[in-house]
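Quick note: numbers below take in every heavy atom, side chains included, and nothing from hydrogens, waters or symmetry partners.
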Number of protein chains: 2
Amino acid sequence: MARMVAERADAIAPLAEVFREHGYEGASLALIGKATGLGKGSLYHFFPNGKEEMVRAVLGEIGQWFEDAVYSPLRNESDVNGAIRAMLASTDQYFRSGRRVCLVGALAVANTRDLFAQAIRGYFVAWVDALQSALIRQGREADQSRLLAEEAVLAIQGAIILSRAMDDPAVFQRAIDQLRGRLVIENDTSNYEGTTDVSPQNEGRLVQD
Amino acid sequence: MARMVAERADAIAPLAEVFREHGYEGASLALIGKATGLGKGSLYHFFPNGKEEMVRAVLGEIGQWFEDAVYSPLRNESDVNGAIRAMLASTDQYFRSGRRVCLVGALAVANTRDLFAQAIRGYFVAWVDALQSALIRQGREADQSRLLAEEAVLAIQGAIILSRAMDDPAVFQRAIDQLRGRLVIENDTSNYEGTTDVSPQNEGRLVQD
DNA sequence: GCGAGACTGTACCGATCGGTAAACATATTA
DNA sequence: TAATATGTTTACCGATCGGTACAGTCTCGC
């Protein structure tokens with residue numbers, strides 16, 4: 001049952017990291033081997049279709065993680081504001097305040113986009129849809145929710161780029177704080193702590209643009 | 001005076017395009033040669049330090065274009081709202097509504113970031129600073145202007161990613177429209193046409209978060 | 001112990017990589 | 001026209017690329 005040998009699943013996290021850091025073309029089999037501790041033989045045993053299959057496995061894992069940690073709560077959690085706050089906190093952690101690249105976003109920009117177009121699109125569509133669902137359950141109009149959800153997802157991607165370009169994680173955190181102020185409706189009495197002060201001055205205003 | 005031979009300057013636009021489409025590592029000398037119509041010999045004659053120098057030349061050209069077309073008007077134009085609208089229009093055109101990648105943003109995400117860190121940082125710092133200057137001249141507070149400027153630049157980068165991932169330029173245009181509503185203060189009587197209707201409901205409200 | 005799969009290390013493949021060298025063509029100047 | 005600067009072509013270099021082949025090793029059910 002408990003094998004001594006490495007498992008395919010163990011390779012996925014290092015794979016994700018090496019693709020994040022070097023991109024699809026930049027991640028050579030030498031780098032991949034170093035990152036995973038696996039030789040070419042093992043790599044092609046686990047992923048017979050080479051790098052493409054590795055990336056697909058990584059994208060699947062990423063999608064599953066976001067589904068469980070972010071999308072599903074956004075769609076199903078009864079505490080909508082809590083789910084949104086959790087999304088922002090998870091996002092901040094996951095992307096390490098912009099120090100960590102979003103692999104899906106990076107692939108969307110690279111010329112390899114076509115190869116993984118479906119997975120890339122699915123990742124973002126699921127995110128926007130789930131967030132829109134949460135915003136609608138807040139009482140917002142469907143159209144406004146769509147716009148706002150798009151805006152939020154897009155801002156996170158942009159924040160990664162800008163904070164990396166500036167080499168300043170605070171840029172990312174400011175963007176997250178900004179989003180919290182825009183997405184969360186402050187009509188409850190529960191106290192929470194944000195990373196910076198968010199003045200609750202938009203109580204009751206459901207529509208805001 | 002009028003040379004028959006190609007000039008270095010003529011190579012920069014094709015170079016920019018090939019780096020945009022394939023990234024730094026993905027743009028092989030074969031692709032570069034095909035894009036520019038120049039052989040390796042000519043390329044290394046114009047750019048003795050190879051690809052790195054080519055990218056630096058491209059970044060310089062890009063920076064100059066944005067300086068003239070965007071940053072300078074933002075800093076100096078007396079019609080501040082006009083300069084901001086012009087920035088949004090230029091940006092929409094330049095990035096072809098998200099169909100065209102931002103090379104600087106792409107480099108900021110790739111592992112080649114360190115090589116061009118200074119140029120990348122300079123590009124974004126200049127943009128944010130220029131936009132902040134315009135927002136301050138609108139009458140906004142300095143801190144709010146900083147936040148808003150960062151948010152706008154970040155949103156443009158994110159919009160490129162999202163619209164490419166969705167394969168839908170409308171995503172980019174919606175983001176631009178959203179930004180216009182947030183950045184432009186509608187207190188003048190001049191009529192203009194946006195790409196979509198922007199309800200002027202924030203008259204006089206200088207601070208908004 | 002033994003066969004069967006699962007896994008791994010290594011040698012190897014043709015292609016392509018970025019970059020160099022130098023002969024060659026062209027254009028400008030004296 | 002001779003000399004020079006400028007640009008171009010071509011052949012070539014060693015290194016590395018992604019991928020394959022396959023012999024070998026390990027672990028397990030029997």
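- Residues satisfying the side chain to side chain contact (heavy atoms under 4.5 Å, CB included) criterion with A:Ile62, sequence neighbours excluded, are A:Arg20, A:Val58, A:Phe66, A:Tyr94, A:Leu103, A:Val104, A:Tyr123.
- Under the side chain to side chain donor-acceptor pair (under 3.5 Å) criterion, A:Asp68 pairs with A:Gln64, not counting sequence neighbours.
- Each end of the helix from C:dG1-D:dC30 to C:dA30-D:dT1 yields a helix axis from five base pairs, and these two axes differ in direction by 10° (to the nearest 10 degrees).
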(request) Take A:Glu186 and A:Asn81 through the test side chain to side chain donor-acceptor pair (under 3.5 Å) and record every step on the way to the result. (result) CA-CA 8 Å; A:Glu186 313 280 359; A:Asn81 285 321; over 6 Å; no

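- A:His45 places its NE2 atom 16 Å from the P atom of D:dA21, with the value rounded to the nearest Å.
- The side chain to side chain contact (heavy atoms under 4.5 Å, CB included) check on B:Gln93 picks up nothing, with sequence neighbours excluded.
- Using a 4.0 Å cut-off on heavy atoms, none of the residues of residues 108-119 of chain A approach DNA chain C.
- Atom CD of B:Glu7 and atom P of C:dA27 are 14 Å apart (whole Å).
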(request) For each nucleotide in nucleotides 16-23 of chain C, reading 5' to 3', give B when a protein heavy atom comes within less than 4.0 Å of its base, S when such contact involves only the sugar-phosphate, and - otherwise. (result) -SBBB---

Atom pairs and distances, donor-acceptor, side-chain atoms in residues 129-136 of chain B, under 3.5 Å, two or more places apart:
unit_1	atom_1	unit_2	atom_2	d
B:Asp129	OD1	B:Arg146	NH1	2.8
B:Gln132	OE1	B:Arg146	NH1	3.2
B:Gln132	NE2	B:Ala142	O	3.2
B:Ser133	OG	B:Arg137	NH1	3.1

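- For B:Ala119, the side chain to side chain contact (heavy atoms under 4.5 Å, CB included) partners are B:Leu59, not counting sequence neighbours.
- Considering only residues two or more places apart in sequence or on other chains, A:Phe116 meets the ring pair (Phe, Tyr, Trp, His ring centres under 6.0 Å) condition with A:Tyr24.
- The distance from atom CZ of A:Phe46 to atom C1' of C:dG5 is 13 Å, rounded to the nearest whole Å.
- Looking at residues two or more places apart in sequence or on another chain, you find a side chain to side chain donor-acceptor pair (under 3.5 Å) between A:Ser72 and A:Asn76.
- Residues satisfying the side chain to side chain donor-acceptor pair (under 3.5 Å) test with B:Glu21, not counting sequence neighbours, are none.
- With sequence neighbours excluded, the residues forming a side chain to side chain contact (heavy atoms under 4.5 Å, CB included) with B:Arg8 are B:Phe46, B:Phe47, B:Glu53, B:Ala57, listed by chain and number.
- In this entry the distance linking CG of B:Leu38 with C1' of D:dG7 reads 9 Å, nearest Å.
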